[in-house]
Every structure is written in structure tokens, then in C-alpha cells.
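Let me begin by presenting the structure, written as C-alpha cells, before commenting on it.
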Amino acid sequence: MHNSIQEASLEMARQWGDAAYMTEGLVLTNRIADAPIPTGPTRLNFILMALCRKGKAQYSIDTREQTVQPGDLLFISEGHIVDGYTASPDFECLCIMLSTAFYHGFVQNVKNVSSLLLFSTKNPVVALTPRETQTFANYYQTIREKMADNSHHYRTELVKALLLAMFYDMSAVIWRVEQSDNKQQSRADYIFMQFIRLLEQHFRTERRVSWYAEQICITPKYLSDVVKKVSQRTPNDWIDKYVVLELRVLLRNSTKSIKDITDELHFPNQSFLGKYFKERVGMSPSEYRRGDGQKS
């Protein structure tokens, strides 16, 4: 299936239907049915959150089949592979798509990001209550209106503040769903959750899979097999994800020097941190802090 995976970028998404966009890395559209979305396997290089208003769509995320109908909120974080997309002719949804860099420009801390990441891995589609549906629709409308107001001196800051508020409201949805989720948790799910909780607490100092396996009292191979089965990602992928998220947040939202960040995240030296960051983000920490390649 993965021989010829296409890449979908925000630049492409700007052509989808009646799209409104900000060059900093944000695209909104409510006419997704008009979009030339590839039907073959496609890796999303952005974060997608969408509320279905009418019709029905089907697709798979990392080979897992999904169905979306009115009142459903779908969330796909960057890097996942979507395949087999089909939609009814009347399919209508409110889509908010943003680059990872733009997201980390307003997110407050890694905990906020990780809870959403983790939840969307387990619950890529969630049925909203009528009140939650209205709340999301209101945010969409307000954000779109503010994006269109080019005369507003604080337009970008205002849009980021509205998005942050929306993500907090979405976190309340996560809390509701998790409270009411009485499904029996499998051993694999339990191990995965233990790994993620340990990772949230220790990723600044511990980046060896063997260390996490030891804390859970299982072998590194078993931990790797379980994490890959549950999340479609390896433990090292998750470790890198958390470290890079923290680096992005510290570089964009703090005035700490790169030397201080190196010490805080227990990298051996600044050169090692710079190489690690560049390999995963495509630019140096200094370039990222200056805002170079904002749309990445």
C-alpha cells in the first residue's frame, strides 16, 4: 500500500474549495466536497480538525477504517497516512488545517499538545454533543471572520488566541469522552498508556526505549511491538515527538538561551542539540526561533 505515498501540504489545501488562509500556516474551508483530495495513500503534512455538518465520508488513517457523519469531529495530526477517501455528494464539513509550526506558535505547553496527540491516536473520530457542535461552528465562523480582517493590527495574535481557546474547548471534549469511556482496556492499551505517562514525565532526561521498558517490567522488544501495534509508531518516534515538541515550544515561547535549553533537556552539548533538531525539523534551532520557514 505504501509504495507511492503522496504528500499533502498546506499549499495544496489552500486550493481546496472556498478556502481562507493565512500565509503563516492556517487554512479554513467549508467546501471540502469541491476539493481535489487524492484517493490514494496520502501523508498529511499538517494538522487537520474538521466538523461534519452534512453527508458522510469514509477513509482510513494508518490503515484503520473511519466513517464520519453529521456531528462528528475528526482530528488527524501531522504525519499520518490517509487512504481510500470517499464522500457523499452532499458532504459538508468545517475544516481547520494548520502547520505544525503555526500550532506551536500559540500552544502553551507540551502537556496540551500531547493530550490531543494521544487522544486523536485512539479516537480519530468523536461524536460531539449538540452544544459542542455549536461551539466548534462558532469558533470556525469567528476565526474565519478575523482572518479576513486584514486591517486589524493584531490579526495574527487574535487568530492564535481564538485557536488556543478552541483547543481548550476541544480538551474539554477529550475529558468528557475519556470519563464516559467504559470500554475494557486491553493489556496492549494499558502498556501503551503507561509508556506515554512515563514519557510525559521523563522525556527531558530519559530517551532510551530500554529505560521505559524496565520501568514497566517488560522487554524493550515487547514494548516496541506493543507501541507499534497500538499507535502505528515506534517508541523512538514517540520519544522524538515529545522532545521536538518541547524544543519548539521553548524556542518559540520562551527567552531561554539555546545553551539553557540544551542543559534543560539534557543534551550533551549545543552542537548535538542543533544536529538533532535540524534532522527532525529541517532547520537549526536559531532559524526556527527567528521564524524562518514559518510554514513548515
Side-chain angles (χ1 to χ4, degrees), residues 1-9 41-49 59-66 74-84 97-101 103-104 107 109-126 174 177-178 181 185-216 218-249 265 276-282 296:
M1 161 189 162
H2 291 191
N3 329 359
S4 56
I5 297 170
Q6 301 178 66
E7 304 284 330
S9 66
T42 306
R43 181 182 288 107
L44 297 192
N45 292 326
F46 52 84
I47 296 163
L48 168 68
M49 184 179 268
Y59 57 95
S60 67
I61 300 177
D62 298 333
T63 73
R64 289 183 297 168
E65 298 292 327
Q66 307 295 332
L74 69 100
F75 187 94
I76 305 173
S77 57
E78 166 260 343
H80 288 278
I81 294 166
V82 177
D83 194 9
M97 295 164 276
L98 55 163
S99 72
T100 306
Y103 182 33
H104 295 116
V107 75
N109 58 54
V110 169
K111 182 76 174 168
N112 294 354
V113 187
S114 66
S115 64
L116 200 57
L117 263 177
L118 188 55
F119 181 78
S120 66
T121 299
K122 302 291 293 170
N123 303 273
V125 176
V126 176
I174 292 173
V177 173
E178 287 179 341
D181 189 359
Q185 195 179 45
S186 70
R187 174 155 170 76
D189 285 340
Y190 177 71
I191 289 171
F192 177 63
M193 291 300 292
Q194 277 189 301
F195 168 66
I196 292 296
R197 289 199 182 103
L198 282 166
L199 185 55
E200 282 184 349
Q201 293 167 17
H202 300 285
F203 72 88
R204 292 170 187 83
T205 54
E206 294 295 344
R207 297 199 260 282
R208 291 170 298 122
V209 175
S210 58
W211 185 88
Y212 290 96
E214 194 178 316
Q215 307 313 302
I216 305 171
I218 57 177
T219 66
K221 184 183 185 310
Y222 186 55
L223 177 61
S224 297
D225 290 346
V226 166
V227 170
K228 186 77 194 290
K229 180 187 170 194
V230 172
S231 71
Q232 315 295 314
R233 296 181 181 203
T234 68
N236 280 319
D237 289 339
W238 280 104
I239 292 166
D240 281 347
K241 192 93 177 162
Y242 273 74
V243 175
V244 171
L245 283 173
E246 180 77 341
L247 285 169
R248 285 181 186 269
V249 170
L265 290 182
Y276 177 92
F277 190 80
K278 187 159 190 175
E279 279 176 359
R280 289 155 181 82
V281 180
S296 67

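Side chains included, hydrogens not; waters and symmetry mates left out as well; all remaining heavy atoms used. Residues take their numbers from the sequence shown, with the count starting at 1.
The pair Asp237-Lys241 fails the salt-bridge criterion, with no side-chain N (NZ, NE, NH1 or NH2) lying under 4.0 Å from an Asp/Glu carboxylate O.
Each of Val209, Val230, Val226, Ile216 was scored for a side-chain contact (heavy atoms from CB on, under 4.5 Å) with Phe195, with one residue passing: Ile216.
In this structure, CG on Asn45 lies 5.0 Å from CD on Glu7, to the nearest 0.5 angstrom. Going from atom CD1 of Ile196 over to atom CD of Gln201 covers 12.0 Å, rounded to the nearest 0.5 Å. Note: Leu98 CG to Leu48 CG = 9.5 Å, rounded to the nearest 0.5 Å. Considering CG of Asp240 and CG of Leu247, their distance stands at 10.0 Å, rounded to 0.5 Å. Taken to the nearest 0.5 Å, the CG atom of Leu74 stands 12.5 Å off from the CG atom of Asn123. A distance of 9.5 Å separates OG of Ser210 from CD of Gln215, quoted to the nearest 0.5 Å.
Across every non-hydrogen atom of Ile191 and Ile218, the tightest pair is CG2-CD1, 3.9 Å. Across all their heavy atoms, Phe203 and Tyr242 have their closest contact at CE1-O, 3.6 Å. When every heavy atom of Asp83 is checked against every heavy atom of Pro41, the shortest pair comes out as OD1-N, 3.1 Å. Summarising the geometry of Glu200 relative to Arg204, their closest heavy-atom pair is O-NH1, 3.9 Å, with the distance given to 0.1 Å. When all heavy atoms of Ala213 and Leu223 are compared, the closest pair comes out as N-CD2, 3.7 Å.
Annotation: side chain of Phe75 is in contact with side chain of Ile47 (closest heavy-atom distance under 4.5 Å). Here the side chains of Leu265 and Glu246 are in contact, with some heavy-atom distance below 4.5 Å. Looking at heavy atoms from C-beta onward, Tyr59 lies in side-chain contact with Val125 at the 4.5 angstrom threshold.
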Practice task
Evaluate the side-chain contact (heavy atoms from CB on, under 4.5 Å) criterion for residues Tyr212 and His202: first the C-alpha distance (whole Å), next the side-chain angles of each, then the deciding distance (0.1 Å), finally the verdict.
Solution key: CA-CA 9 Å; Tyr212 290 96; His202 300 285; 3.8 Å; yes
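Shown here is Arg280, whose CZ atom has more than 12 heavy atoms of other residues, nucleotides or ligands within 6.0 Å.
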